[in-house]
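Shown next, in C-alpha cells, is the structure this report addresses.
Quick note on labels: first sequence line is chain A, next is B, and so on, each numbered from 1.
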Protein chains: 2
Amino acid sequence: MNKWCCPKGRKSYHHGNLRQTLVESALDILKEGTLADLSLRALARKAGVSQTAPYRHFKDKEALIAALKEEGMRKLGEGMQKLMEEEKDPLQRLQKLGMRYVQFAEKYPAHFKIMFEYELGDYDKYTELHNVSDNGFSCLQRTVNECLALPGARKVAPAVAQFSAWSMVHGLSVLLMNQSLIKHMKEDHFVDLGDRNQIAEMVTRSFSESLVK
Amino acid sequence: MNKWCCPKGRKSYHHGNLRQTLVESALDILKEGTLADLSLRALARKAGVSQTAPYRHFKDKEALIAALKEEGMRKLGEGMQKLMEEEKDPLQRLQKLGMRYVQFAEKYPAHFKIMFEYELGDYDKYTELHNVSDNGFSCLQRTVNECLALPGARKVAPAVAQFSAWSMVHGLSVLLMNQSLIKHMKEDHFVDLGDRNQIAEMVTRSFSESLVK
DNA sequence: ATTTTAATATTGACAGCGTAAACATTAAAA
DNA sequence: TTTTAATGTTTACGCTGTCAATATTAAAAT
C-alpha cells in the first residue's frame with residue numbers, strides 16, 4: 001500500500017529533527033576540520049538527506065553559521081557565568097575568566113574562529129546570538145569593575161580596563177591558537193614557550209595584578 | 001606574417017609581469033571586499049589572462065595568499081621599524097607601535113584578516129614570510145624589553161610582558177575591526193565608544209603605563 | 001644565426017560548491 | 001475528512017579550484 005515510501009534508508013519521509021542534526025554534524029566537522037571543510041552539501045549527505053533539504057531550516061549558509069556562533073557563545077558564556085558564582089575574589093576570578101576563554105579557543109579552535117572571525121552580513125538580524133554573546137562578555141566587564149573598586153586599584157576609566165581585559169584575553173587566545181605565531185617569540189629562561197597553558201596562566205595573572213597597585 | 005598573435009587585446013603572448021599584477025589586483029579587491037570575494041579566476045579575468053595562467057606563478061590559491069600575507073607583513077613591519085628610530089622613549093614608542101598595529105587593521109581589515117586569520121597548511125614552507133613577519137614582532141618585543149629595563153618597571157618575565165603586549169594590541173585590533181563586538185560594551189562617561197581611535201589611544205597608553213610604577 | 005629548452009600562456013575538462021525553481025510527501029490544523 | 005503548512009526531492013545554473021594536454025615565445029646553448 002505504501003508508494004515505495006521514504007528516500008532510501010529512512011523510516012519516514014521527514015527526517016524528524018534535521019535542524020539539530022545539521023548543527024551537531026557541523027560542530028563535529030569543526031572538531032577536526034576547519035570552516036573550509038564545512039559545506040551544506042556535506043552536512044546534508046551526512047544526515048542522509050537531499051542537498052537542498054537544509055534550506056528548509058536555514059535561509060542560507062550564513063544562517064547555519066550564525067547558529068554555530070550562537071551555540072558557541074552560549075557554551076562559552078555558560079562556562080564564564082559559572083565562574084561568577086564559584087570564585088568570589090575579583091582578581092582571581094578575572095584570571096580564571098581569561099583562562100576559560102583561552103581554553104575554549106584551544107579546545108575548539110575552528111569553532112572559536114567561526115565565532116569571532118566570521119563576520120555576518122547583518123549581525124543585528126540575529127538577536128538571539130546577540131543576547132547569548134552578551135552573557136560572557138558582561139561577566140568579564142562586571143568582574144573588571146569589581147577589580148577597579150578594590151582598595152589600591154589603578155585609576156583607569158572602566159571602559160578602558162574592560163576593553164583592555166577583553167583585548168588581552170582575545171589576543172592571547174588567537175596567538176596561542178596560532179602555532180606559527182608563537183614561533184616568533186624569543187626563548188626565555190622563565191617561560192616555556194612550548195607550554196601554552198603556562199603562558200596563559202602567567203599572562204592572565206599578570207594582567208589581573210596590573211589592575212591593582 | 002603574424003599567426004594572429006596574442007590572446008585578445010594584449011600586445012604579446014606573454015603578459016610581462018603577471019605575478020605582480022595578480023598580487024596588486026588581489027590587494028585591490030581586498031580594499032573593498034573580503035577573502036570570499038577573492039578568486040583566482042576573477043584575478044585572471046581582471047588581468048585579461050586565461051583562468052589557469054596564475055598557476056604559472058602560484059602553485060595554488062594558498063601560495064597567492066601567502067604572498068598577500070608577506071606583502072602585508074612587510075608593510076606593517078616597515079611602519080613599525082620606522083618608529084624604532086623616530087621615537088626614542090620606550091613607553092611612548094610602545095604605545096605608538098600599538099597604534100600602528102591597530103591602524104593597519106583599521107585601514108586594511110580584509111588584508112589584516114588574511115595575515116592573521118588565514119592559516120597556511122605549511123607555514124614553514126614560506127621562509128620569506130617568516131622573516132618579514134619577524135621584523136614587526138621583534139620591534140614590539142625589543143621595545144617591551146626596554147620598558148622593563150626602565151627604573152621603576154614592574155617585575156615580570158620579559159616573555160610574559162612581550163606576550164601581553166602583543167596579545168593586547170592584536171586583540172584590540174580585532175575588537176575594533178568588529179563593529180558588532182563593540183556593541184557589547186556598555187557606555188561610559190569617560191570614553192566615547194564610537195571613537196575607535198580614542199579607545200585605541202587610551203588602551204595602548206594604559207598598557208604602556210602599566211609596565212612601570 | 002640557428003637550434004634547443006625552459007618559461008609562460010591557452011583550451012578543455014572535472015568535481016564540488018551555494019542556491020534557485022518546481023514538484024512531492026506528510027504531519028498538523030480546520 | 002479536507003485543507004494547509006512544513007518538510008522533503010529533483011533538476012539545473014553558474015561559480016569555484018585545479019588538472020592534463022597543448023601552444024607560443026623569450027632566453028640559453030650551439
Side-chain angles (χ1 to χ4, degrees), chain A residues 1-26 29-30 33-68 114 118-122, chain B residues 1-23 25-26 29-30 33-68 114 118-122 125:
Chain A
M1 223 157 218
N2 269 343
K3 336 225 121 170
W4 28 287
C5 185
C6 322
K8 47 181 162 186
R10 209 184 317 147
K11 47 193 179 274
S12 81
Y13 184 87
H14 289 80
H15 175 287
N17 58 345
L18 183 52
R19 193 196 143 97
Q20 196 191 334
T21 300
L22 290 171
V23 171
E24 284 170 5
S25 293
I29 288 177
L30 290 183
T34 134
L35 175 56
D37 305 316
L38 194 62
S39 79
L40 288 182
R41 287 169 106 113
L43 290 179
R45 251 172 277 141
K46 223 174 158 186
V49 96
S50 86
Q51 65 201 8
T52 54
Y55 285 88
R56 300 300 137 192
H57 301 272
F58 299 101
K59 182 188 165 293
D60 51 22
K61 192 177 183 181
E62 178 165 294
L64 184 261
I65 289 180
L68 298 177
I114 282 189
Y118 188 102
E119 296 218 41
L120 297 171
D122 182 4
Chain B
M1 220 163 231
N2 270 344
K3 338 225 119 169
W4 31 285
C5 185
C6 322
K8 45 182 163 184
R10 209 185 315 148
K11 47 192 178 274
S12 82
Y13 184 86
H14 290 77
H15 175 286
N17 58 344
L18 182 53
R19 195 196 140 98
Q20 199 192 332
T21 300
L22 290 171
V23 171
S25 293
I29 288 177
L30 290 183
T34 136
L35 175 56
D37 305 317
L38 194 61
S39 81
L40 288 182
R41 287 170 107 114
L43 291 179
R45 252 172 274 140
K46 221 173 160 185
V49 98
S50 85
Q51 65 202 9
T52 54
Y55 285 87
R56 299 301 133 193
H57 302 273
F58 300 100
K59 183 188 164 292
D60 51 22
K61 192 177 184 182
E62 178 165 294
L64 184 262
I65 289 180
L68 297 178
I114 282 189
Y118 188 103
E119 295 217 42
L120 297 170
D122 182 4
K125 201 161 61 182

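Listed by chain and residue number, B:Gln51 satisfy the side-chain hydrogen bond (donor to acceptor under 3.5 Å, both in side chains) test with B:Arg41 (two or more places apart in sequence, or in another chain). For A:Lys46, the salt bridge (charged side-chain N to carboxylate O under 4.0 Å, His left out) partners are A:Asp28, not counting sequence neighbours.
Atoms NE2 and NE2, from A:His57 and A:His15 in turn, are 8.5 Å apart once rounded to the nearest 0.5 Å. Between A:Ile114 atom CD1 and A:Leu120 atom CG the span is 10.5 Å, to the nearest 0.5 Å. Taking CG from B:Leu30 and CG from B:Leu35, the interatomic distance works out to 7.5 Å, rounded to the nearest 0.5 Å.
What separates NE2 of A:His15 from C1' of C:dA24 is a distance of 18 Å, to the nearest Å. Nucleotide C:dG18 holds its C1' atom 14 Å from the CG atom of A:Leu35, rounded to whole Å. Atom CZ of B:Arg41 is separated from atom P of C:dA15 by 15 Å (rounded to the nearest Å). Per the geometry, CG belonging to A:Leu64 stands 14 Å off C1' belonging to C:dT19, to the nearest Å.
What you find for B:Ser25 and B:Leu43 is that their closest heavy atoms are CB-CD2, 3.7 Å. Across all non-hydrogen atoms, the minimal contact from A:Ala44 to A:Ser50 is CB-O, 3.5 Å.
Residues from residues 52-62 of chain A placing a heavy atom under 4.0 Å of any atom in DNA chain D, listed by number, are A:Thr52, A:Ala53, A:Arg56, A:His57. Sorted by residue number, the list of members of residues 17-26 of chain A with any non-hydrogen atom under 4.0 Å from DNA chain C is empty.
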Would you mind writing out the side-chain donor-acceptor pairs for residues 60-68 of chain B within the sub-3.5 Å range, not counting sequence neighbours?
from: B:Asp60; atom 1: OD1; to: B:Glu62; atom 2: N; distance (Å): 3.3
from: B:Asp60; atom 1: OD1; to: B:Ala63; atom 2: N; distance (Å): 3.1
from: B:Lys61; atom 1: NZ; to: B:Leu38; atom 2: O; distance (Å): 2.9
from: B:Glu62; atom 1: OE1; to: B:Gly121; atom 2: N; distance (Å): 3.2
from: B:Glu62; atom 1: OE2; to: B:Gly121; atom 2: N; distance (Å): 3.1

Please set out all donor-acceptor pairs under 3.5 angstrom arising from side-chain atoms of residues 16-23 of chain A, sequence neighbours excluded.
from: A:Gln20; atom 1: NE2; to: A:Glu24; atom 2: OE2; distance (Å): 2.7
from: A:Thr21; atom 1: OG1; to: A:Asn17; atom 2: O; distance (Å): 3.0

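Looking at the side chain of B:Gln51, the nearest of the listed nucleotides C:dA13, D:dG8, D:dT16 is C:dA13. Comparing D:dT24, D:dA6, C:dC17 against the side chain of B:His14 picks out D:dT24 as the nearest.
Look at B:Ser50 and you won't find any side-chain N or O under 4.0 angstrom from OP1 or OP2 of C:dT11. Taking side-chain N and O atoms only, B:Arg10 has no distance below 4.0 Å to OP1 or OP2 of D:dT24.
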